[in-house]
Amino acid sequence: NASSWLTSRMRNSASGLLITPTTSRTTTTHSKTSLKSFDAVVVGYEEKVGLVGFGVELNSKSGKTLGELLRLSGMQGKEGETRMFYALSGIDEFPRVCVVGLGDTSQLDHQRRASFDHVRSAVAAGIRECKKNSALAIAVDRMEEDAPLSVVTEGGELGLYVYDNLKSVPTNEKETPKEKVAFSPLPHLLSSPHQVALAIRGSHNGFAQNCARFMMDVPGNLFNPAEFVIHINHLFAGMGNMRVAVRDRSWMEKQQMGALLSVAQGSASDPFLAELHYDGGNNEESPLILVGKGITFDSGGLNIKLGKNM
């Protein structure tokens, strides 16, 4: 059905972390990836400072060629600004080097500085630039020494997201599907199980946001309430400690949910409510309840006037 197709497209397009986790109650392991496995690297460039983090090492390996090319290209380090360089002498492990601006970090407000939102945004911009230039396996620097890897991988997932499900696919691509783009923090950053756990958590955070973006982007005629709850079931199928309960119109009537039912009268689609139950907490803990409103179509108030009469 439509929802299983949508869900499969969501899963195939959203999560691209190269780390392969194997989790139990006490351990987390990962597969280490050598630098030769990558075809691109993303490093940071701070306004008024220059290359930072791993970028400094790459500049040294290139005999300062990277820095000179950045100067000649007019790189200023504005937030989200990118430059891509190919086959730099001395940087044999990375055929592509993507440099992305972090902005003037001295001017960041406390909230953005503390959350490392500038790093998250820079990683996303770098991933998008690498994708545009045909990179398939991307290594990412943390750019700031104290930036947690969860920020890096969250930004990576956000950068991978694109909604193109309704675009026609060229005949040659139907015969040879596009290879999936993947990324990872630089291997030396994954130096301990704790760092690996942070990287995986950030990937989960980014994937969750991409799930929300995906559901927002799907047109309302493809994603009515019935399709929504089927999609939720598919999305959480097989996840430990998770249960999905779907409530229909008759259940809502018994619960006297008049407000929801009255709004639903304006639609040809039946209303549904999805409950997600997480049973992984401790028995002595009080339950935590989150309520969200999922609107699959909202006209914002139908406009029956012509524009010239508004």
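Small disclaimer: the values here were computed from a predicted structure and weren't measured.
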Exercise for review: Answer with yes or no whether the hydrophobic clustering places Met215 together with Phe236; edges join I, L, V, M, F, W, Y residues whose side-chain heavy atoms lie under 4.5 Å apart.
Suggested key: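 Cluster IDs for Met215 and Phe236 match.
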
Review point. Is it true that Val246 and Met239 fall in one hydrophobic cluster, defined by side-chain heavy atoms closer than 4.5 Å?
Key: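 Hydrophobic grouping puts Val246 with Met239.
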
Mind checking what makes side chain to side chain contact (heavy atoms under 4.5 Å, CB included) contact with [X], not counting sequence neighbours?
X      : value
Leu69  : Thr65, Phe85, Leu88
Leu260 : Met252, Met257, Pro271
Leu136 : Asp39, Glu179, Val181
Lys78  : Glu47, Gln76, Glu81

Do any N or O atoms from the side chain of [X] and from the backbone of [Y] form a donor-acceptor pair under 3.5 angstrom?
X      : Y      : answer
Ser121 : His118 : no
Asn210 : Tyr161 : no
Asn282 : Glu284 : no
Asp109 : Arg112 : yes

Polar contact flag, side-chain donor to acceptor under 3.5 angstrom, [X]-[Y]:
X      : Y      : value
Ser115 : Asp117 : no
Asn205 : Gln209 : no
Arg201 : Ser150 : no

Atom of [X], atom of [Y] and distance for their closest heavy-atom approach:
X      : Y     : answer
Tyr45  : Val99 : CB-CG1, 3.5 Å
Asp141 : Gly55 : OD2-N, 4.4 Å
Val43  : Val97 : CG2-CG1, 4.5 Å

Exercise for review: Check the angle between the aromatic planes of Phe38 and Phe94 and answer parallel, tilted or perpendicular using the 30° and 60° thresholds.
Suggested key: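 Because their plane-to-plane angle lies in the 30° to 60° range, the rings of Phe38 and Phe94 count as tilted.
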
Check your understanding: With under 30° as parallel and over 60° as perpendicular, where do the rings of His188 and Phe54 fit, or are they tilted in between?
Key ->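 Taking Phe54 first and then His188, their aromatic rings sit tilted (interplane angle of 30° to 60°).
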
**Study point:** Side-chain hydrophobic cluster, 4.5 Å single linkage: members besides Met216
**Key:**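 Cluster partners of Met216: none, it stands alone.
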
Exercise for review: Hydrophobic side-chain clustering at under 4.5 Å (ILVMFWY, transitive links): who's grouped with Tyr86? Put none if nobody.
Suggested key: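 Other cluster members: Met84.
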
Exercise for review: For Glu129 and Arg96, run salt bridge (charged side-chain N to carboxylate O under 4.0 Å, His left out): C-alpha distance rounded to whole Å, both residues' side-chain angles, the deciding distance at 0.1 Å, then the answer.
Suggested key: CA-CA 11 Å; Glu129 185 68 17; Arg96 302 170 183 82; over 6 Å; no

